[in-house]
Amino acid sequence: MPLTLPIDHAPEPTSGAGTLFVVATPIGHLEDITLRAIRTLREADLIAAEDTRHTRKLLTRHEIATPLISFFDHNKEKRTPQLLKKLLSGASIALVSDAGTPGVSDPGYHLITRALSRSIPVVPVPGPSAAIAALSVSGLPSDSFVFLGFVPRKPGKRRAFLEALQFEPRTLIFYESPRRLAGLIKTMRDVFGDRQAVLARELTKIHEDVLRKNLSGIGRYLRTDDPLKGECTLLVAGFQYQKDVDPEAVQSYVKWLRHRGLSPSESAKRAARELGVSRNLAYQQALKLEKKQGAQDTPSGGIAQD
Ligand code: SAM
C-alpha cells in the first residue's frame with residue numbers, strides 16, 4: 001500500500017539518523033555506474049539489494065566488500081522495520097534494485113516512503129534507468145513523455161488502462177515481460193490504432209536490439225522471433241491531433257472526455273479545439289453520442305453551442 005506524505009511534509013531530519021542512499025546501478029553493462037555510486041556502495045554500512053546474487057557480481061567487479069541484505073517484493077514488509085531501525089541508530093544504507101534506479105517500478109518505493117515518514121534523510125545517487133535509456137534512442141518525441149511502468153495483467157483491466165491513454169499526446173513508455181508482449185501489442189493495436197512504436201530489448205547488453213516500427217510491424221517481428229527473450233521496454237507514440245480526423249474519431253474523443261466528467265458542451269468545445277476540427281462537427285458528434293447513450297445535457301435535451 002503506497003504511503004502518501006502530506007504535501008507540506010518537510011520535517012527536520014531525525015538527529016543521529018543515518019542516510020538512505022538510493023543508488024542507481026547498471027541495467028546491463030557493468031561499467032554503467034557512476035564514480036559516486038561506487039564510492040557510496042563502498043562506504044555504506046549495508047547494501048539492501050533486490051537480488052543479492054545479482055548485486056554481488058557488480059560488487060565483485062568493482063571490488064566492493066560492503067555487507068549485503070536482501071530487500072525484495074515478498075520480504076519488504078518484514079525487512080522495512082529492520083532497515084529503519086538500523087538507519088535510526090545511525091547506519092547508512094545503500095538501496096539498490098536489480099537494475100537501474102530503485103523506486104522506479106520496483107520495491108524500493110516502499111522503503112523510501114517509510115524512511116521519509118520517519119524523517120530519515122533520503123539521498124539520490126542517480127544513474128541508469130531503462131525507461132530513460134530507451135527513450136533517449138527511440139526517435140520518438142522525448143521533450144514530454146508519460147512513464148506507465150507495468151500494465152495490469154488481467155485482459156479487462158489492461159484494456160481499460162490503455163483506453164484511458166487513447167488520446168494522450170505524449171510518448172508512452174511501458175515495461176513488460178517478453179512473454180506478455182505479443183498480447184499487449186495486439187490490444188494496443190485495437191485501442192491505439194497502428195501507431196509508431198519502439199521495442200528496446202536488452203539495452204546495454206550483448207544482444208541489445210532497438211526495433212523502430214509501427215505496432216503491427218513489432219507484432220509481426222514477435223511472431224517470427226518466438227519465444228522472445230530478454231528485458232523489454234516498449235514505447236508508443238502519443239496520439240496525434242490531426243486536422244482531418246474522421247467523425248468517428250471525434251465522437252470517441254468526445255466520449256473519452258465525457259468519461260472524464262466534462263459536460264457534452266464542454267467535451268465538444270474541447271474536442272474541436274484539440275483535434276483542430278470545426279466546432280460544428282464536434283457538436284454534431286457530441287449530439288449523436290448523447291442520442292446514442294440516451295443522456296441529456298441541458299433541460300431542453302440539446303447541447304448548448306456558444
Ligand atoms: N528500476 C528499473 C529502472 O530504473 O529501469 C526498472 C525495474 S523493473 C522491475 C524491470 C523492467 O525494466 C524490466 O521488466 C524491463 O521492462 C525494463 N528493463 C530493465 N532492464 C532493461 C534493459 N536492459 N533493456 C530494456 N528494458 C529493461
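Indexing begins at 1, ligand by ligand and atom by atom, following the structure's order.
When only interatomic distances are considered, the shortest N/O to N/O separation between P102 and ligand 1 does not fall below 3.5 Å. Distances between N or O atoms of I27 and those of ligand 1 include at least one value under 3.5 Å. For the pair L203 and ligand 1, the shortest N or O to N or O distance falls below 3.5 Å. Between V104 and ligand 1, an N or O atom pair is found at a separation short of 3.5 Å. In terms of polar-atom proximity, G100 is not counted as a contact of ligand 1, lacking any N or O under 3.5 Å from an N or O of the ligand. Inclusion of T233 in the set of residues having an N or O under 3.5 Å from an N or O of ligand 1 is warranted. Residue P128 places no N or O, backbone or side chain, under 3.5 Å from any N or O of ligand 1. Residue-to-ligand polar distances place Y175 within reach of ligand 1: an N/O pair is separated by less than 3.5 Å. Considering backbone and side-chain atoms together, T101 places an N or O closer than 3.5 Å to an N or O of ligand 1.
When heavy-atom distances to ligand 1 are checked against a 4.0 Å cut-off, A24 has no atom that comes that close, whether in backbone or side chain. When non-hydrogen atoms are compared, ligand 1 lies under 4.0 Å from the side chain of K205 (C-beta onward) but not from its backbone. Contacts of A200 with ligand 1, taken as heavy-atom pairs under 4.0 Å, involve the backbone alone. If you look at D106 next to ligand 1, the close heavy atoms, those under 4.0 Å, all belong to the side chain.
Summarising the local packing, CZ of R180 is surrounded by more than 12 heavy atoms from other residues, nucleotides or ligands at distances under 6.0 Å. Atom CZ of R260 has more than 12 neighbouring heavy atoms from other residues, nucleotides or ligands inside a 6.0 Å radius.
Not close to ligand 1: G28, with no non-hydrogen atom less than 4.0 angstrom away.
With no hydrogens or angles considered, no side-chain donor-acceptor pair links Y175 and D106 at under 3.5 Å.
Salt-bridge check for R170 with D143: failed, with every basic side-chain N at 4.0 Å or more from each acidic carboxylate O. Ion pair E50/K76 not flagged as a salt bridge, since none of the NZ, NE, NH1 or NH2 atoms sits closer than 4.0 Å to an Asp/Glu carboxylate oxygen.
Nearest non-hydrogen protein atom to atom 21 (C) of ligand 1 is E231 CB, 3.4 Å.
Atoms of ligand 1 found under 4.0 Å from any heavy atom of S105, numbered from 1 in the order shown, are 7 (C), 8 (S), 9 (C).
Applying the side chain to side chain contact (heavy atoms under 4.5 Å, CB included) test between V23 and each of V123, V96, T34 identifies V96 as the sole match. Here the rule is ring pair (Phe, Tyr, Trp, His ring centres under 6.0 Å) with F239, and of W256, F167, F192 only F167 fits it.
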- Criterion side chain to side chain contact (heavy atoms under 4.5 Å, CB included) on K205 and E231, from CA distance to verdict: CA-CA 10 Å; K205 303 185 194 176; E231 306 270 16; 3.4 Å; yes

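The minimum heavy-atom distance between G193 and L215, with the atom names listed, is O-CD1, 3.5 Å.
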